[in-house]
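See below for the structure under consideration.
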Amino acid sequence: MGRSYIVEDDVEEYLSKLCSQPAGPVTGLLIGQSSAQRDFVVMATRTPQNDESAAAGTSEYKEWVSEHARQVSRMLPGGLSVLGVFIVSESDAKDTLTTLRQLVFSVENLISSEQLWTPAEDDVTDCVTLHINPKTRKTVCRTFDVKDPKSVAKPADWKYQSGVCSSWATVSCWLSIDLLVPLPDSTTCTSNMDDCLKEELKVWAQQIERGVCVIDGKKLPEDSEIKTGQKNVRQTYTAQLLIAPEVQTVTDVVQRCGGCVSVRGAIHSRAFLHSNKPKAKLAEKLLKRDIISTVATRVHMLLEEPSTQNEQNKGRKQTEQFCLPRRVFCPVKGTGSLSVCDYQFSDEGLSEMTDRFKEMLDMEAAEDDLDATQEMIAEVIESETTAEASTEKVEPLDPWRNNYVGVAMATAVALLASAASMLYLSDV
Amino acid sequence: MVLLDSESVVILRLRGPLELKCHADSTDVVLMQKAISRSFEDLRLQVKSESCVLAVCDSPVLIWPNKCVFEEITPDTPCEDVFQLIQTADQDPGGKRSTKKKNRKGLSASVINLSLMMEATKPGPLSAPVLARTIQTSHFLRATLPVDCAVRSGCSDTIKDGCGRLLEALTRQLFDMEKATLRHMRGATLLVPEPLHFLLPEPNGLVTVVFPRGVPDNELEAQRRELHGKFELPDDRPYFRRANAYHFPNEPYKDGYLRNPHVVLTHPALDNGKVFLVQGFYSYHHYMQDRVDDNGWGCAYRSLQTICSWFQQQGYVERCVPSHKEIQQALVDVGDKQTSFVGSRQWIGSIEVQAVLDHLLGVTSKILFVSQGSELASKGRELANHFLSEGTPIMIGGGVLAHTILGVAWSETTGEIRYLILDPHYTGAEDLQVITEKGWCGWKGPDFWDQTAYYNLCLPQRPRAI
């Protein structure tokens with residue numbers, strides 16, 4: 001009794017197109033949502049050609065595909081994930097199976113090494129492999145359990161259908177974050193900040209996971225069903241998340257430190273739920289995972305930027321601010337309410353977004369299609385005065401808010417051209 | 001002994017950790033203190049903000065007190081009705097809920113537990129996050145404050161009023177915690193302020209005091225003296241030692257022993273009679289507990305353990321209840337027994353009990369001797385006076401068995417007398433119903449005693465201290 005994959009018609013079209021290209025074997029990723037009963041594939045995207053055109057089966061090739069998967073995974077909101085790998089090639093299905101098996105394991109390992117959320121017992125751990133022969137159009141679909149290194153290929157159903165995600169529901173929220181971490185007391189180098197921040201993110205992620213999720217004003221029992229609405233009627237839910245710190249986190253202490261790092265602001269989080277009687281528990285799980293991923297992704301992206309590397313500490317007080325990239329959404333054509341996302345640094349334009357959507361997800365998107373309204377770019381203002389939350393409307397969780405103005409992206413680009421803006425803050 | 005009137009009072013208890021994080025720019029102590037005060041002020045603003053949420057434990061009820069949003073109930077719901085929405089552990093999960101949490105006669109009031117949470121979500125769109133990095137040799141303070149507020153409420157008070165009072169108590173507690181933190185800062189160490197609740201005699205009622213965690217009671221005498229003055233309490237008995245902290249009725253005791261099984265009993269009504277009982281709390285110690293099979297020889301040891309538990313729970317001593325071996329070792333240490341006594345199954349009597357109480361707890365005891373059991377019937381006045389002035393459990397032993405006397409019902413005019421006996425010979429589990437119904441803790445008449453045997457009673461004296 002194998003798994004059953006319900007696949008969007010558009011994916012069939014896309015895969016057909018790849019078959020008719022003369023370019024030779026194509027590898028790519030399959031994207032969708034798994035559930036206990038069945039799995040849904042809503043998108044497919046070919047892995048871009050790499051310069052060395054590493055041959056299939058080599059380890060460079062595996063790394064390349066895995067890296068593609070890692071990048072794609074960062075572009076998927078909650079509920080969507082890389083479900084598996086496809087290969088379009090004239091080789092025998094049996095030969096490609098070994099390659100496919102290696103690929104799905106490698107992809108899964110790389111993606112899960114980044115994730116900060118705890119896997120759940122009821123997570124589906126099967127990944128799908130698809131082999132298509134472009135000449136005969138014969139499709140062979142197998143699954144592997146990526147949690148079991150010894151797993152063997154199991155046959156699975158692959159069925160095309162129209163309107164697979166037309167009545168999927170969306171759960172979303174804006175969540176504010178306020179992290180403050182001390183830096184160790186030594187000549188600081190960037191790796192220290194990275195580690196401290198990553199540790200703090202783990203603690204924060206656990207706090208999110210423990211949080212109480214309220215959907216449309218109600219704390220729903222785990223097994224209650226979320227209504228996904230009729231066909232072509234979009235059902236959206238707003239969620240609220242209530243959190244509290246762990247009763248005893250670290251030992252309570254006053255410590256000497258070499259400074260501190262804070263991350264403050266808000267993110268927009270979104271998760272999609274399949275339409276086959278999803279439970280409240282699922283909505284909560286997917287939304288929390290998206291919250292955790294979007295923050296972790298952005299912090300990683302910022303830390304990977306060369307401009308965040310630290311100058312030598314000259315022995316005096318030094319403060320710098322860096323904007324985390326903001327989340328920009330792009331609707332997936334033909335899928336109703338689904339969207340993918342990307343992150344825009346303050347020095348990037350929307351055209352860079354559309355380029356990335358094309359490169360990573362093989363998606364044609366116009367700048368007008370992009371939704372950049374969910375998050376505003378934070379404007380970092382140079383000022384001598386302390387950024388104290390002292391105005392009438394005080395939002396203590398987001399004390400910087402009064403200094404931030406949602407500005408048009410172009411202005412922000414100009415202001416933030418110099419990454420290391422010196423700001424004097426007398427206290428955090 | 002003060003118990004709350006269970007019929008008309010509900011306690012609302014709000015708990016929740018609050019994280020205090022403070023980055024102080026410099027290593028200067030005064031600036032550090034200012035930074036700490038600012039961080040506390042931030043926390044106070046947080047609890048006054050619209051993001052503050054009170055969640056009623058084990059129920060779907062959520063309350064945003066600062067924007068008057070109530071989920072699953074209306075703001076005017078009386079506090080006692082909130083119980084209908086709370087799912088307790090001993091309910092049949094699929095079955096019907098009882099309409100009111102049953103209160104066993106004489107036990108303390110009902111408690112509604114709430115958790116303090118913050119809503120992290122907000123209406124958007126909002127600004128994307130900014131990472132700010134400050135490099136400077138400085139100090140970082142991080143503490144998890146164990147916030148714990150309790151307010152009493154009449155059953156018919158609305159939940160909205162109750163929450164309002166809880167938030168006031170919370171703000172006050174944050175001020176108290178700030179004071180305590182600053183007062184007890186010693187260079188680079190921080191003592192976490194820990195709230196404890198104390199049930200004081202009326203009209204004070206339930207009072208919350210913040211003590212620095214980890215500081216032993218004997219170093220806090222000055223603070224206790226201030227409190228005794230503030231609440232006009234006698235200065236010869238402890239009210240504010242950690243052991244005196246109020247134990248909320250719905251919390252099981254971690255050690256598993258029963259506390260005060262006698263409170264569920266109906267006391268005898270004698271003509272012109274009065275009931276004189278042990279004051280405060282004790283644990284019921286009896287045969288076979290702690291995996292020690294002392295059936296047949298350990299009754300006096302168990303009575304002694306019950307007495308020791310009284311001194312610990314009233315805050316007179318910090319040492320925990322001694323084991324059989326520790327009791328035997330104490331007797332060897334005072335020269336009363338040979339070293340071979342330790343590990344043996346030899347009986348002890350009132351004199352040994354007195355010696356151990358003195359050696360291990362620093363408690364003196366009076367010995368009362370009766371040459372025959374029938375004389376006990378005439379000791380009503382002495383026993384009554386003991387319970388009035390000392391209020392400690394009495395160990396009675398003689399040629400035959402040892403028991404603990406927890407109280408006496410005595411009529412001055414008729415001379416009728418009954419004894420409240422806690423029997424250490426019970427070998428079963430900590431089942432309150434069995435213990436009280438079968439008389440292991442129960443009122444006995446004068447014929448309970450062997451009329452011809454002699455008895456020694458050990459009457460422990462309460463130290464006069466706070």
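Labels below follow one simple rule: chain letters A, B, ... track the order of the sequence lines, proteins then strands, and each chain is numbered from 1. Predicted model only: the values in this text are computed from it and were never measured. FYI, side chains are in, hydrogens and waters are out, and symmetry mates aren't considered; it's all heavy atoms of this structure.
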I would like to know whether B:Arg44 and B:Glu41 meet salt bridge (charged side-chain N to carboxylate O under 4.0 Å, His left out); could you show each step before the answer?
CA-CA 5 Å; B:Arg44 284 191 288 268; B:Glu41 183 59 27; 3.0 Å; yes
Under 4.5 Å, counting heavy-atom pairs only, tell me which of A:Val181, A:Thr373, A:Leu242, A:Val212 racks up the most with chain B.
A:Leu242
Specify which of A:Ile208, A:Ile267, A:Val263, A:Ile243 makes the most heavy-atom pairs with chain B at under 4.5 Å.
A:Ile243
Region of [X] that comes under 4.5 Å of a non-hydrogen atom in chain B:
| X | result |
| --- | --- |
| A:Arg327 | neither |
| A:Gln240 | both |
| A:Val299 | neither |
| A:Leu197 | side chain |

Which bit of B:Leu116 is near chain A, if near means a heavy-atom gap under 4.5 Å: side chain, backbone, both or neither?
backbone
Which atoms of B:Leu18 come close to chain A, meaning under 4.5 Å heavy atom to heavy atom: side chain ones, backbone ones, both, or neither?
backbone
Residues A:Arg326, A:Glu348: salt bridge by 4.0 Å N-O rule:
no
Answer yes when B:Arg13 and B:Asp148 have at least one side-chain N-carboxylate O distance shorter than 4.0 Å, and no when they do not.
yes
Please confirm whether B:Tyr246 and B:Phe248 have ring centers closer than 6.0 angstrom.
yes
Please determine if A:Arg270 forms a cation-pi arrangement with A:Phe329, meaning its NZ or CZ atom is less than 6.0 Å from the six-membered ring centre and no more than 45° off the ring axis.
yes
Hey, is the main chain of B:Lys179 close enough, under 3.5 Å, to the side chain of B:Arg183 for a donor-acceptor pair?
no
